[in-house]
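Here is the structure we will look at.
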Amino acid sequence: MSISHAPPTSSEPDISPISAHDLDLQPLVPASSRRTRVPRWLRRTTGPVLLLALWQLLSSTGALQPDVLASPGRIAQVAGDMVADGSLPAAMGTSLQRVAAGLLLGLVVGTGLALLSGLFRIGEDLVDAPVQMLRTVPFVGLIPLFIIWFGIGEAPKVAIITLGVTFPLYLNVYAGIRGVDAQLIEAGESLGLSRWGLVRHVVLPGALPNAMTGLRYSLGIAWLALVFAEQVNADSGIGFLMVQARDFLRTDVIVVCLVVYAFLGLLADFIVRSLERLLLQWRPTFTGR
């Protein structure tokens with residue numbers, strides 16, 4: 001008797017290789033990229049362009065009188081005339097020098113006090129309380145004292161800008177230093193870092209994001225302080241042009257000066273943001289969706 005054996009059956013399915021052509025593969029694209037159809041620069045300029053168009057429309061229809069606010073076309077013409085006769089470039093150069101001097105002094109004073117107060121407890125006890133008291137005093141209210149102390153030259157103008165820059169920078173740098181994670185300090189100590197090594201490799205990099213934020217905020221305060229400084233016994237600068245235009249009821253010149261202030265402030269903020277992206281490449285952050 002012969003016994004025939006049936007071939008063994010396997011419970012596993014027969015899987016045949018699938019080529020890439022058999023699959024409809026779709027490339028993975030981030031959601032933010034899929035939604036971006038309009039260039040970002042175009043979206044960012046849409047708001048200002050619409051505002052200018054509305055402004056020009058109101059001026060053309062007479063709803064906005066020239067003695068109240070000149071039209072954009074008139075302001076552009078006046079700006080061209082001021083550039084041609086050299087008055088606007090000279091005023092911009094003088095104002096930039098004042099802001100640069102005040103900002104430099106404010107950076108040195110504000111950062112120095114923040115380092116002293118943030119790194120040392122005795123420094124905090126000696127420095128923080130007086131700084132907190134002084135920052136509550138409006139720096140504009142100190143203009144009469146600065147005129148008495150420093151006269152009516154460049155010194156009081158630079159002093160006003162320096163005072164306006166110092167406090168926001170101090171607060172942000174101090175908060176950045178004290179906001180460093182204590183576990184990072186402990187890890188650095190366990191690796192044998194000295195006190196200066198901890199400050200250099202742990203504390204200062206950890207405080208850098210707050211310091212850059214303080215710098216951006218200080219730049220805005222610097223231009224605000226310049227507006228007040230140049231309207232007090234000034235014989236040059238953008239603020240001086242504004243005072244002259246006010247006396248002659250020239251709203252077009254006033255708006256030109258305000259636009260210049262805004263442009264210079266925007267340019268300074270762009271430089272700081274570029275520096276921030278360069279120095280903080282190690283810190284990935286959320287950029288919006």
Side-chain angles (χ1 to χ4, degrees), residues 44-103 138-147 150-165 218-271:
R44 292 176 67 91
T45 55
T46 300
V49 169
L50 291 177
L51 182 61
L52 284 175
L54 178 61
W55 183 3
Q56 182 65 46
L57 178 63
L58 293 176
S59 299
S60 301
T61 57
L64 194 60
Q65 297 297 325
D67 55 346
V68 175
L69 186 61
S71 65
R74 173 60 182 171
I75 290 173
Q77 180 183 356
V78 171
D81 295 338
M82 295 175 68
V83 171
D85 61 21
S87 59
L88 188 58
M92 290 174 59
T94 302
S95 297
L96 284 174
Q97 291 178 5
R98 290 167 179 164
V99 168
L103 183 63
F139 64 91
V140 180
L142 298 176
I143 292 178
L145 279 178
F146 286 165
I147 294 176
F150 305 115
I152 58 174
E154 292 296 313
K157 302 175 180 58
V158 175
I160 293 171
I161 299 172
T162 301
L163 192 63
V165 167
S218 297
L219 278 171
I221 298 295
W223 292 109
L224 177 63
L226 178 68
V227 173
F228 291 102
E230 290 189 333
Q231 295 189 21
V232 178
N233 296 320
D235 56 0
S236 60
I238 303 175
F240 173 70
L241 295 180
M242 291 182 64
V243 172
Q244 282 189 324
R246 179 197 63 190
D247 294 338
F248 291 98
L249 302 178
R250 293 289 304 275
T251 60
D252 48 3
V253 177
I254 294 176
V255 174
V256 168
C257 295
L258 292 176
V259 170
V260 171
Y261 274 129
F263 173 76
L264 293 177
L266 186 63
L267 178 62
D269 185 74
F270 172 76
I271 294 174

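These values consider heavy atoms only, across backbone and side chains, with no hydrogens, waters or symmetry-generated copies.
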Which pair of non-hydrogen atoms, one from [X] and one from [Y], has the smallest distance, and what is that distance?
X: Q65; Y: G62; value: NE2-O, 2.8 Å
X: Q56; Y: P72; value: OE1-CD, 3.2 Å
X: I161; Y: G102; value: CG2-CA, 3.8 Å
X: L241; Y: A91; value: CD1-CB, 3.6 Å

In Å and rounded to the nearest 0.5 Å, what is the [atom1] to [atom2] distance from [X] to [Y]?
X: I75; Y: C257; atom1: CD1; atom2: SG; result: 11.0 Å
X: L264; Y: W223; atom1: CG; atom2: CH2; result: 4.0 Å
X: L50; Y: L54; atom1: CG; atom2: CG; result: 9.0 Å
X: S87; Y: I238; atom1: OG; atom2: CD1; result: 11.0 Å
X: L219; Y: L266; atom1: CG; atom2: CG; result: 11.5 Å
X: I221; Y: L103; atom1: CD1; atom2: CG; result: 12.0 Å

Side-chain touch [X]/[Y], heavy atoms, less than 4.5 angstrom:
X: L88; Y: M92; result: yes
X: I147; Y: I143; result: yes
X: F240; Y: T94; result: no
X: F150; Y: V158; result: no

_Tell me if a side-chain donor or acceptor on S71 pairs with a main-chain N or O of S59 at a distance below 3.5 Å._
no
*Sort out for me which residue in D252, V255, T251, V256 forms a side chain to side chain contact (heavy atoms under 4.5 Å, CB included) with R74.*
D252
*What pairs meet the side chain to side chain donor-acceptor pair (under 3.5 Å) rule with one or both residues in residues 253-269, with sequence neighbours excluded?*
R216-D269, E230-Y261
*Will you find, in the side chains of R98 and S236, an N or O donor that is under 3.5 Å from an N or O acceptor?*
yes
